[in-house]
Amino acid sequence: MRPEILAPAGSFESVLAAVRCGADAVYVGGTSFSARANAVNFSDGELEKAAEYCHLHGVKIYRAMNTLVFAEEMADFLSAAKFSAEVGVDGLIVQDIGAARLLREMLPDMRLNASTQMTIHTPEGARLAAEMGFSRVVAARELDLSALREMVSTGVEIEAFIHGALCMSVSGQCYMSAMIGSRSANRGLCAQACRLPFSGLGEADPGERHDLSLKDLCGILHMKALAEAGVTSLKIEGRMKRAEYVAAAVTACRAALDGKEPDLDTLQAVFSRSGFTDGYITGSIGAPMFGFRRKDDVTAAEAVLPGLKESFRKEVKGGESCRADFFAEIKRGRPARLTMQCGDIAVSAEGAVPEEAKNRPADLPYVKKQIEKLGDTIYTISNISAEIDDGLMISAAALNALRREAAEKMDRALILSRKPEYKCNDVDLYIESESRRPSKIRVRVSNMEQLGAVSDKADEIILPLRSTGEISADDRFIIAPPRFILNEEKIKSELLTAKEKGFKRLLCVNLAYIKIGRELGFELSGGFGLNIVNPYAVKTAAEMELTDITAGVETKLSHMRGLCGDVPVAVIVYGRLPVMLTRNCPIKQAAGCSNCKGSIIDRTGRSFPVVCDGASCEILNSDILMMTDRLGEINADILELDFTDESVSEVSRVIKCCRDGRKALDKGFTRGLYYRGIQG
């Protein structure tokens with residue numbers, strides 16, 4: 001089966017461009033809950049109009065509702081989803097695990113697609129998504145062809161990005177924009193901090209270096225291989241881009257999928273960042289993938305925009321389903337009647353009573369001449385026949401009116417036949433929560449020296465999976481595996497070894513580890529990477545057998561109490577929070593590992609530490625999160641202290657400050673987002 005070409009649409013003009021240039025499906029955002037909040041997006045009326053236009057052309061339409069949802073917004077979220085169902089949207093793209101569970105309950109027949117914001121990038125992650133009720137997984141952008149093939153083998157539909165912008169961070173795991181300016185990528189308001197100057201050379205001034213900016217992906221030349229791998233949908237990124245970009249991208253994809261030569265020159269001219277990359281698809285990551293938008297990239301578009309706009313100005317004819325048979329009945333003493341049939345659908349229009357002919361009577365060639373004028377519709381002629389009584393006349397205007405009315409009725413009939421119908425259930429949003437006071441200190445360590453310093457000072461200890469071979473098991477230990485999984489079978493084997501050695505607890509840093517951990521018999525804790533920010537997500541986590549969760553780092557303190565109910569909640573109160581999880585190392589591509597300075601520098605001179613594990617990198621915040629003196633304001637069960645490069649003495653001192661409720665730092669710290677929250 002050929003994969004669908006899935007096009008972005010941030011405006012109705014982009015819907016026209018996508019459909020008229022050959023897209024099989026489009027995805028749009030509403031005025032809320034869209035991970036591209038700065039796109040034009042669609043009002044309710046515009047969403048209905050877009051759905052009707054897509055269905056008229058036999059094109060699917062998906063609505064992106066792929067943001068994290070706070071508890072007080074959930075009723076509005078479900079209302080928006082219900083409206084989407086009423087207007088016939090073919091599926092919803094979702095990130096929040098709590099919202100997904102409620103949607104499955106409210107709209108059991110609605111297709112749910114797991115957003116790339118859910119960071120699903122392995123077969124076990126895809127299998128868990130299927131258990132959660134998702135029909136399709138939008139795979140992480142960071143996968144090569146073999147990894148995508150492994151995900152396809154699960155039987156879950158896989159959607160892969162084929163063209164458009166590449167974020168430096170793995171989607172769903174970027175908090176840089178939020179930490180710097182409260183504009184959350186998980187809420188659709190990313191300020192694209194990664195496109196600003198950064199240096200991986202350790203320089204105080206990055207100058208013209210953009211070591212967090214990747215070129216746009218262009219995998220169009222690999223479409224055949226992706227199709228052969230079994231990918232269901234090939235997705236074009238770009239809901240914030242102009243309609244001409246959509247036209248160029250869809251046209252190139254359609255040509256490539258049809259075995260023709262795609263026009264990549266025009267596509268590059270309309271938008272690129274120093275050209276394109278296919279790095280993740282081929283597995284050739286590194287320096288060639290990096291690039292940023294230059295003046296020449298901007299001015300190149302001027303020459304191609306007029307032609308691209310012309311490419312979708314006119315309506316396009318439909319396929320075989322829009323080949324129409326017409327039958328005209330012109331009978332004495334009866335209103336003229338025109339029946340139009342496309343496939344199994346037939347409609348009729350009635351007009352004026354024909355008159356006795358004064359000159360030339362109506363005949364079949366005369367009727368055909370008027371009926372054939374279908375230029376402004378999606379229909380083509382299959383056959384025209386007629387029954388005409390002798391000696392009658394009907395005006396050309398009357399026949400034209402019959403043709404227009406019949407075509408309009410056929411439009412409505414086709415739209416109705418392609419509009420999905422959904423059962424809608426009532427959903428109870430009440431969840432009981434309670435005030436909690438922290439009763440445990442959980443410490444995350446990065447090395448064996450730190451572990452020695454905390455062994456008698458912490459109630460629970462998170463330690464890297466790699467450390468389990470060096471120590472004996474302890475019931476307090478929680479294993480932290482890599483956040484990005486390059487080789488799932490290898491990770492499973494390492495976890496099984498740790499389990500056989502007596503380690504009992506696993507930190508689920510992405511959804512795949514929930515599936516893996518359950519099968520291996522671990523006690524499961526939910527990491528911050530699950531982005532749990534509402535009580536419905538907490539309940540979902542509990543249903544998936546997690547025994548505790550860590551609150552998402554974009555949760556305000558005022559929301560914390562609402563999370564406390566089904567399972568214990570941990571809150572990070574100290575540490576350098578990872579602001580990005582990346583597959584590309586910004587330092588390696590800039591300076592090489594032998595010249596690594598261990599951090600990148602932004603245009604203000606702030607230094608962001610970079611920690612690599614071979615599979616991925618974590619870019620840490622420039623300031624340390626510190627809440628050890630504000631513990632009385634925290635509704636939670638567990639206080640978590642995360643240590644990276646702190647010395648043994650510093651680790652001991654911070655833990656003591658936390659137990660005493662004192663400041664661990666006097667300067668160089670941040671309160672994170674616990675007070676200021678995020679926009680939107």
Side-chain angles (χ1 to χ4, degrees), residues 94-101 103-104 112-140 142-143 146-160 170-173 230 232 462 464-465 468 478-500 503-532 536-550 552 566-567 581 615-616:
V94 184
Q95 173 188 10
D96 190 290
I97 63 172
R101 185 180 64 81
L103 286 173
R104 185 79 291 125
L112 295 186
N113 294 348
S115 171
T116 191
Q117 293 289 120
M118 295 184 78
T119 322
I120 298 173
H121 58 284
T122 67
E124 296 295 6
R127 291 187 181 100
L128 184 70
E131 287 182 16
M132 296 169 68
F134 287 99
S135 302
R136 177 184 296 181
V137 168
V138 186
E142 292 74 18
L143 304 183
S146 63
L148 288 168
R149 192 178 291 113
E150 288 179 2
M151 292 186 70
V152 168
S153 70
T154 64
V156 181
E157 288 186 10
I158 299 301
E159 181 176 301
V170 177
S171 293
Q173 303 302 313
T232 299
I462 301 172
L465 172 59
T468 57
I478 305 172
I479 300 171
R483 290 176 61 201
F484 194 91
I485 303 172
L486 270 188
N487 185 328
E488 196 166 57
E489 291 306 313
K490 182 173 181 290
I491 288 290
K492 285 182 182 179
S493 176
E494 292 173 356
L495 286 172
L496 178 59
T497 299
K499 183 69 168 56
E500 291 173 343
F503 291 90
K504 299 178 180 179
R505 304 178 66 182
L506 176 65
L507 186 68
C508 298
V509 294
N510 63 50
L511 288 171
Y513 287 116
I514 298 176
K515 180 79 169 166
I516 294 169
R518 286 193 318 213
E519 291 177 354
L520 293 179
F522 279 100
E523 181 181 324
L524 308 179
S525 297
F528 72 87
L530 298 181
N531 289 320
I532 294 176
Y536 313 103
V538 176
K539 187 173 183 65
T540 303
E543 291 172 350
M544 291 193 293
E545 302 179 27
L546 274 69
T547 57
D548 61 79
I549 63 99
T550 302
D566 288 274
V567 295
L581 174 66
S616 61

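Just so you know, residue 1 is the first one in the sequence shown, and it goes up from there. Since the model is a prediction, treat every value here as computed from it, not as a measurement.
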First locate atom CE of M118, then atom CZ of F134, and finally report the distance between them rounded to the nearest 0.5 Å. 4.0 Å
Measuring from atom CG of L524 to atom CE of M544, what distance do you get when rounded to the nearest 0.5 angstrom? 9.5 Å
For atom NZ of K504, is the number of surrounding heavy atoms from other residues, nucleotides or ligands below 6.0 Å larger than 12? no
To the nearest 0.5 angstrom, please state how far the CD1 atom of I462 sits from the CD1 atom of I479. 11.5 Å
Could you check E124, E545, E131 and say which one makes a salt bridge (charged side-chain N to carboxylate O under 4.0 Å, His left out) with K515? E131
When rounded to the nearest 0.5 angstrom, what is the spacing between OH in Y536 and CG in D96? 11.0 Å
Nearest atoms (heavy-atom pairs only) where A126 meets I120: N-CG2, 3.6 Å
Closest approach of I478 and L507, non-hydrogen atoms and distance? CG2-N, 3.6 Å
Distance from I516 atom CD1 to L506 atom CG, nearest 0.5 Å? 8.0 Å
Between CG on residue N531 and CD on residue Q117, distance to nearest 0.5 Å: 8.5 Å
Tell me the closest heavy-atom pair linking A541 and I549, and the distance in Å. CB-CG2, 3.7 Å
Contacts of A130 that satisfy side-chain contact (heavy atoms from CB on, under 4.5 Å) - sequence neighbours left out: V156
